[in-house]
Amino acid sequence: MTLTWQQLRDLKTQEFTEAATAWVDVSTRADAGRTRISVEMIKALESEKGISATAAYERLRRVDRNFDFITPSAASSAPP
C-alpha cells in the first residue's frame, strides 16, 4: 500500500499515541505479574516436594515463559 502526502497529512497521530500509551500500561502490568510469578511463586515452590508441587512448578514456569510475548523486557529478565 502506498500513502499519499494528503493521507500522511490527515493522519491522526493522537490515536497512535493513545494506543502506545495503553500498550505501555498493559506491558507494565504484565511485567509486574511476571515478577510476582517468577520471584515469589516459582521460588517458593522450588523447595517443595511431591507430585502436586512439581506440577504447579512446571505450570507456573510455562506461564512465566508466556510473558515473553507480552513484556519487552521479558527476554532479559527471564529466570534460567
Side-chain angles (χ1 to χ4, degrees):
M1 178 178 159
T2 305
L3 292 175
T4 65
W5 284 109
Q6 182 169 349
Q7 288 172 320
L8 286 172
R9 188 189 68 227
D10 295 342
L11 191 66
K12 295 180 177 129
T13 58
Q14 182 61 31
E15 293 173 8
F16 292 106
T17 302
E18 290 171 3
T21 301
W23 178 252
V24 167
D25 188 37
V26 167
S27 180
T28 301
R29 289 179 184 205
D31 196 40
R34 181 184 196 162
T35 299
R36 181 164 171 6
I37 289 171
S38 298
V39 174
E40 296 175 22
M41 299 172 82
I42 291 176
K43 294 290 183 193
L45 283 170
E46 286 177 346
S47 62
E48 297 296 319
K49 305 276 189 246
I51 295 170
S52 296
T54 302
Y57 176 83
E58 291 302 321
R59 287 181 180 171
L60 284 172
R61 294 286 295 172
R62 280 195 305 258
V63 169
D64 181 67
R65 284 192 300 270
N66 286 337
F67 279 100
D68 289 344
F69 300 106
I70 301 172
T71 59
S73 63
S76 63
S77 66

Could you pull out the closest heavy-atom pair between Leu45 and Tyr57, with the gap in Å? CD1-N, 3.8 Å
Ser38 (side chain) donor-acceptor with Arg34 (main chain) under 3.5 angstrom: yes
Common cluster, Leu60/Val39, ILVMFWY with side-chain heavy-atom separation under 4.5 Å: no
side-chain hydrogen bond (donor to acceptor under 3.5 Å, both in side chains) partners of Gln6, counting only residues at least two apart: none
Tell me, please, which residues at least two apart from Gln7 pass side-chain hydrogen bond (donor to acceptor under 3.5 Å, both in side chains). Thr4
Ile51 atom CD1, over 12 foreign heavy atoms within 6.0 Å: no
To check you understand the geometry: which heavy-atom pair defines the closest contact between Ser47 and Ala44, and what is its length? OG-O, 3.6 Å
Nearest heavy-atom pair of Glu48 and Ala53: which atoms, and what distance? CB-CB, 3.5 Å
Are side-chain heavy atoms of Asp25 and Arg29 found at a separation under 4.5 Å? yes
Side-chain heavy atoms under 4.5 angstrom apart, residues restricted to Ile, Leu, Val, Met, Phe, Trp, Tyr: same cluster for Trp5 and Leu3? yes
Distance, nearest 0.5 Å, that separates CD of Glu58 from CD1 of Ile42: 9.5 Å
OG1-CD distance between Thr13 and Glu18, expressed to the nearest 0.5 angstrom: 10.0 Å
